[in-house]
Amino acid sequence: MNSQVQLEPTVRLLSPGGVYGVSKYTGIFQATRDILREEGMLGLWRGNVPALLMVMPYTAIQFAVLHKFKSFVAGSSKAEDHARLSPYLSYVSGGLAGSAATVGSYPFDLLRTVLASQGEPKVYPNLRSAFLEITRAKGIRGLYAGLSPTMVEIVPYAGLQFGSYDTFKRWIKTWNQNTSRQIGSEGEESLSSVQLFLCGLAAGTVAKVACHPLDVVKKRFQVEGLQRHPRYGARVEEKTYTGMGDALRRIVQAEGLAGLYKGIVPSVIKAAPAGAVTFVVYEYTSDWLDSIIK
């Protein structure tokens, strides 16, 4: 849903000639109602297959690169040694990990966005059709449309997410220790699963809110030339934007600052808890693997 809301401008000015109109989706509840009425329940899961295919390699690459980088800097693969690293390295390692994961899984991200935003009647009936048609029309480069603005987005996004997560963990650990001293017990080193979840939730929210304008630009580059039905919003014609700076400028000019935060609510609702669950699973998996290695 967040892709459809992000791609529907508050004021339509997406083609070189300038096409004005009223936004189709004005909010999360109205968008949900319209999608259910026009596309049925399955419309809410449109693009889910490529999304799952993207998440698996993306997450694996991201955490593998993160662990390798922290192990290299700390000179150890132990989680307790990683926790002693400078907070600034968490931001750097997060940005590097996010960049590597994005390059490795980007075609699935593009296919997810295209399938989720095409509406009815479908431009591409399934994932295979979308892959073949895009590569036939644009070549392999077509699967990497919008990669440049995505890289510009993912470095600060992943850096903020991982950096904020480690920062929040340090704050909570300090709070736990201070609370334990006040009641006369020894400080607890590890955080509870609820505390880890809350740290991940807060980190995901901070990163998404800060970088959402770049995500809006990325998705509009991804669907350039997609011939979806006009009732799903104005099409983004080929070569509408000459670059990321031009896209940001024209969106603000035509839609105001609100255009850069189109779809922020469903985006945060999806990304923040998903990131929180991922962090909790990663923490417990890392502890389990450390116990086996020991």
Side-chain angles (χ1 to χ4, degrees), residues 48-113 140 143-144 146-170 190-191 193 195-197 199-208 210-211 214-215 218 270-294:
N48 191 48
V49 173
L52 291 174
L53 292 175
M54 178 199 74
V55 166
M56 290 186 287
Y58 181 90
T59 305
I61 295 170
Q62 185 179 45
F63 282 103
V65 172
L66 181 76
H67 185 76
K68 285 292 185 181
F69 180 80
K70 286 188 173 182
S71 297
F72 172 76
V73 175
S76 168
S77 61
K78 301 296 183 182
E80 56 265 27
D81 294 324
H82 294 177
R84 299 189 187 99
L85 293 174
S86 166
Y88 299 107
L89 282 173
S90 296
Y91 293 89
V92 175
S93 60
L96 289 174
S99 299
T102 297
V103 172
S105 62
Y106 188 78
F108 293 115
D109 185 26
L110 180 134
L111 291 170
R112 173 194 63 170
T113 301
I140 294 299
L143 296 175
Y144 288 88
L147 179 61
S148 295
T150 301
M151 295 300 290
V152 173
E153 176 221 5
I154 200 62
V155 171
Y157 176 78
L160 273 174
Q161 187 178 35
F162 282 95
S164 299
Y165 177 71
D166 284 348
T167 299
F168 292 145
K169 278 178 60 181
R170 287 185 174 90
S190 61
L191 278 66
S193 58
Q195 289 176 327
L196 290 172
F197 182 86
C199 288
L201 192 70
T205 302
V206 168
K208 179 55 69 175
C211 300
L214 300 176
D215 192 39
K218 175 194 80 172
K270 183 197 78 169
V277 171
T278 302
F279 276 121
V280 173
V281 173
Y282 172 72
E283 293 282 0
Y284 279 95
T285 303
S286 296
D287 291 343
W288 175 67
L289 291 174
D290 281 346
S291 67
I292 292 177
I293 294 173
K294 289 177 181 177

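Values reported hereafter were calculated over all heavy atoms of this structure, with side chains retained and with hydrogens, waters and symmetry mates removed.
Scanning both residues, Leu191 and Cys199, for their nearest heavy atoms gives CD2-SG, 4.3 Å. Across every non-hydrogen atom of Ala272 and Leu201, the tightest pair is C-CD1, 3.7 Å. Nearest heavy atom pair, residue Ala158 against residue Gly94, reads CB-O, 3.1 Å. Gly104 and Ile61 get closest at one heavy-atom pair: CA-CD1, 4.1 Å. Thr150 and Tyr106 make their closest contact through OG1-CE1, 3.3 Å (heavy atoms, listed as atom of the first residue, atom of the second, distance). Annotation for Arg170 and Ser90: closest pair NH1-OG, 4.3 Å, computed over non-hydrogen atoms.
Here the CG atom belonging to Asp287 is positioned 9.5 Å from the OH atom belonging to Tyr282, to the nearest 0.5 angstrom. Atom CG of Leu147 sits about 10.0 Å away from atom CG of Leu110, to the nearest 0.5 Å. We find the CD1-CG distance between Ile154 and Leu214 to be 10.5 Å, quoted to the nearest 0.5 Å. Atom CZ of residue Phe168 and atom CG of residue Leu196 lie 13.5 Å apart, to the nearest 0.5 angstrom. Rounding to the nearest 0.5 Å gives a distance of 9.0 Å between OH of Tyr88 and OG1 of Thr167.
Classification of the Phe162-Phe279 ring pair by plane angle, with boundaries at 30° and 60°, yields perpendicular.
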task = Under the side-chain contact (heavy atoms from CB on, under 4.5 Å) rule, what do Tyr284 and Ser193 come out as? Steps first, then yes or no, please.
result = CA-CA 9 Å; Tyr284 279 95; Ser193 58; 3.3 Å; yes
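The side chain to side chain contact (heavy atoms under 4.5 Å, CB included) search around Ser93 returns Leu66, Phe69, Lys70, not counting sequence neighbours. For Val55, the side chain to side chain contact (heavy atoms under 4.5 Å, CB included) partners two or more places apart in sequence, or in a different chain, are Thr59.
Pairs engaging residues 92-110 under the salt bridge (Lys or Arg N to Asp or Glu O under 4.0 Å) rule: Asp109-Arg112, Asp109-Lys218 [sequence neighbours left out].
Atom CZ of Phe72 has 12 or fewer heavy atoms from other residues, nucleotides or ligands within 6.0 Å.
Using modelled atom types, one side-chain atom of His82 and one backbone atom of Ser76 make a donor-acceptor pair closer than 3.5 Å.
Judged by distance alone, the side chains of Tyr165 and Glu283 do bring a donor and an acceptor atom under 3.5 Å apart.
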